2 protein chains.
Amino acid sequence: MKQPTILDVAERAGVSKSLVSLVMREPERVSDTSREAVLQAAQELGYRPNAVARSLVQRRTRVIGVVLSDLHNPFFADVADGIEEAAVQRGYRAMLSSGFLAPKRERIAIETMLELRVDGLIMLGSMMKVAKIERMADALPITLLGRHTRSKALDSVGVDDSAGARQAVDHLVSLGHEKIVHIHAGTAAGAPRRRSGYEKAMRRHDLQPRLVKGAFTESGGAAAMREILDGGDIPTAVFAPNDFAALGAMETIDAAGLDIPADISLVGYDDLALAALPRISLTTIGQPRADLGRQAVRLVLECLDAGRTTARHIVIPPTLVVRSTTAPPRS
Amino acid sequence: MKQPTILDVAERAGVSKSLVSLVMREPERVSDTSREAVLQAAQELGYRPNAVARSLVQRRTRVIGVVLSDLHNPFFADVADGIEEAAVQRGYRAMLSSGFLAPKRERIAIETMLELRVDGLIMLGSMMKVAKIERMADALPITLLGRHTRSKALDSVGVDDSAGARQAVDHLVSLGHEKIVHIHAGTAAGAPRRRSGYEKAMRRHDLQPRLVKGAFTESGGAAAMREILDGGDIPTAVFAPNDFAALGAMETIDAAGLDIPADISLVGYDDLALAALPRISLTTIGQPRADLGRQAVRLVLECLDAGRTTARHIVIPPTLVVRSTTAPPRS
DNA sequence: CAGCTTCTCTGGAACGTTCCAAGCGTGCGT
DNA sequence: ACGCACGCTTGGAACGTTCCAGAGAAGCTG
């Protein structure tokens, strides 16, 4: 039951514990005979280095903590994948903690990560106040992902939501649309920029922005769409704040007996996998998700390995993905 | 930069390190004055217990490792959520590691977990040979999730796929169907039991089983469905091996100009979130996903805290979720 | 007031590594 | 033959906790 330690291996191989340690870390610096003896002894005993002890003495764990708000959201899953891949590739491991939709659970998750002494922290879709996060940042490098900030203490990597919104509007205008409504998601992460990007783009085309309050959820999108249809002046195109909301809007439009895209064109945001399903086939704004994760890891490791101390902020442009929910307006 | 230790706190509070340690663990056993002094000193210094050091001396980490094959699969995300919730509730943390579709990366992920000395391991959708896993099981308790085994050394918690398949068939038969084809997914995890459950249920109803080879993917389902339609003798109902395959089948049926459910009824398996989307609205077999995760944690903790040593195998029954892709056959 | 228990607190050992200074041969140049 | 550098190896200290035996003080009992 008890696992063998470096001392057991040393005894069996007839060398000192220090030499065993060296074999594990830099085998080339040890003579052939000693190396063989140690490796064989380790093999026979089923020795496995204890990363806990190593972390204690080295005062670092080579673990990057990832705190994310919701595993169900495929967006986060993709980003997490990018993080894990990049971390492993550079000799680190990623430790995920999920499932807080409550801010309180988020605090606990972060606190746990800090107690475990992760070397760096990546926060995904966090709702926490930047000032609060900054207060932790003297203990370790922290990168905010999918969120913008000008913080001097925190790194960030996000998508240019304003540009994404502009691409959506430009696409619809180029198809001939003029009455384009935006369902906005209030102050939720990323929503304000999508909204202002929409407004700016509309004005650049000399069109009147029209906003309806919704949310980042299916039901939020459905409710907003109902409000739009009930409002009388029905637009020829709707730009939803994300794919879930677009899905909700789609349901409402379907239920009203209207056709997409003939009666109403619809654009989402995120390019979730389900947006590509033939029965959905949603035109949307795609984000380089795995790349976001990789960039975040890069930022953290720059602080860790290269010793960077000034904050960096990376913004990645999104791309328009045209599918079947957009077409020129009728007549 | 350097984080304060228990010694710094002790000095500031004018007590011994042991007392500080005690305050952190069992505050009620310390006098009011000492406790206050220690807590205040800790607060002022921004002290945070070092879980690495604690793990070393206690020889346990209170971390449960979760190795899963694919974060993108919403099924795994739900299960992982259940795991995390149950773990936190009982004073443990869950550490997720994902993203191996290659067996080699799976080995590495597990090895890493073992080096980090996680207290228990839950393996989700693993492809590894049971014998190989068993060899690791003397170091810590391991639970196989979503996979059946009779192992004496490994726990497992799975869903009764055979019963699920029977429910699908019974449902279709009760609607009046007789020509029911099953798209099977070969030897992929869970597929054989779904298939044999289907065959047994068909025979119990004196119906002729009919199998077509597909896969657990959208494209696999689409291809199998094409084969069925091209085969001439078109069935009135199709039972897919999972929701993705059902989705593929659905696309093929749509493309052929046939109606679901009027021409062909369709049943999936898994009850993914997307199966509930109005445009999909797939009848399917639901699995208690979060519950699977919780049960797995319970099994691991039984070994850890209660000292159980004999393997246990839990089988949870699935439930039929009727939506709009099934109806009585035409005529 | 002696002897006990109870409460509170303490110092040292232990956990399994890494790191460092130093020891020991051995071979080489002079 | 001497000094020196080099390759290989070693023991002890350190990392930041928890655990344990036990020290004092205080309170209780008869």
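Note that these values count all heavy atoms, side chains included, but never hydrogens, waters or copies made by symmetry. Numbers restart at 1 for each chain; the letters A, B, ... are given by sequence-line order, proteins then strands. Nothing here was measured: the structure is a model prediction, and the numbers come from that model.
Of all non-hydrogen atoms in A/Ser98 and B/Asp81, the two that sit nearest each other are OG-OD1, 3.6 Å.
With sequence neighbours left out, B/Glu111 forms a salt bridge (charged side-chain N to carboxylate O under 4.0 Å, His left out) with A/Arg48. The side chain to side chain donor-acceptor pair (under 3.5 Å) search around B/Arg90 returns none, not counting sequence neighbours. With sequence neighbours left out, the salt bridge (charged side-chain N to carboxylate O under 4.0 Å, His left out) criterion links A/Glu26 to A/Arg29. With sequence neighbours excluded, no residue forms a salt bridge (charged side-chain N to carboxylate O under 4.0 Å, His left out) with B/Arg193. With sequence neighbours excluded, no residue forms a salt bridge (charged side-chain N to carboxylate O under 4.0 Å, His left out) with A/Arg107.
Here the C1' atom of nucleotide D/dC19 and the CZ atom of B/Arg54 are 14 Å apart, to the nearest Å.
Side chains of B/Glu106 and B/Ser69: no donor on one and acceptor on the other come within 3.5 Å. Counted by atom type alone, A/Ser21 and A/Arg25 present one or more donor-acceptor pairs between their side chains at under 3.5 Å. In the model, A/Gln40 has no side-chain atom that pairs as donor or acceptor with a side-chain atom of A/Glu36 under 3.5 Å.
For the pair B/Glu28 and A/Leu22, both in contact range of DNA chain C, the more 5′-proximal nearest nucleotide belongs to B/Glu28. Heavy-atom nearest nucleotides on DNA chain C were determined for B/Ser31 and for B/Gln58, and the one closer to the 5' end corresponds to B/Ser31.
One end of the helix from C/dC1-D/dG30 to C/dT30-D/dA1 points its axis 40° away from the other end's axis, with each axis taken from 5 pairs and the angle rounded to 10°.
Between B/Pro141 and the options B/Leu299, B/Leu301, B/Leu304, a side-chain contact (heavy atoms from CB on, under 4.5 Å) holds for only B/Leu304.
A salt bridge is defined here as a Lys NZ or Arg NE, NH1 or NH2 lying under 4.0 Å from an Asp or Glu carboxylate O, and B/Asp270 with B/Arg289 fails to meet this definition.
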Test log, rule side-chain contact (heavy atoms from CB on, under 4.5 Å), inputs B/Leu45 and B/Arg12: CA-CA 9 Å; B/Leu45 292 171; B/Arg12 178 163 202 136; 3.6 Å; yes

Test side-chain contact (heavy atoms from CB on, under 4.5 Å) applied to A/Ile314 and A/Asp155, step by step: CA-CA 8 Å; A/Ile314 293 184; A/Asp155 292 341; over 6 Å; no

Mind listing the side-chain donor-acceptor pairs of residues 290-297 of chain B below 3.5 Å, one per line with the distance, residues two or more places apart or on another chain?
from	atom 1	to	atom 2	distance (Å)
B/Arg294	NH1	B/Glu85	OE1	3.3
B/Gln295	OE1	B/Arg298	NH1	3.2

List, with names and distances, any nitrogen or oxygen atoms from the protein found under 3.5 Å away from nitrogen or oxygen atoms belonging to nucleotides 25-28 of chain D.
none

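For DNA chain C, the neighbouring residues in residues 34-53 of chain B, judged by any heavy atom under 4.0 Å, are B/Ser34. Residues of residues 10-20 of chain B that place a heavy atom closer than 4.0 Å to DNA chain C, in numerical order, are B/Val15, B/Ser16, B/Lys17, B/Ser18, B/Leu19.
Counting only residues at least two apart or in different chains, side chain to side chain donor-acceptor pair (under 3.5 Å) contacts with residues 55-68 of chain B comprise B/Thr61-B/Asp119.
Protein chain B contacts DNA chain C over a range whose 5' and 3' limits, counting nucleotides with an atom under 4.0 angstrom from a non-hydrogen atom, are C/dT8 to C/dG16.
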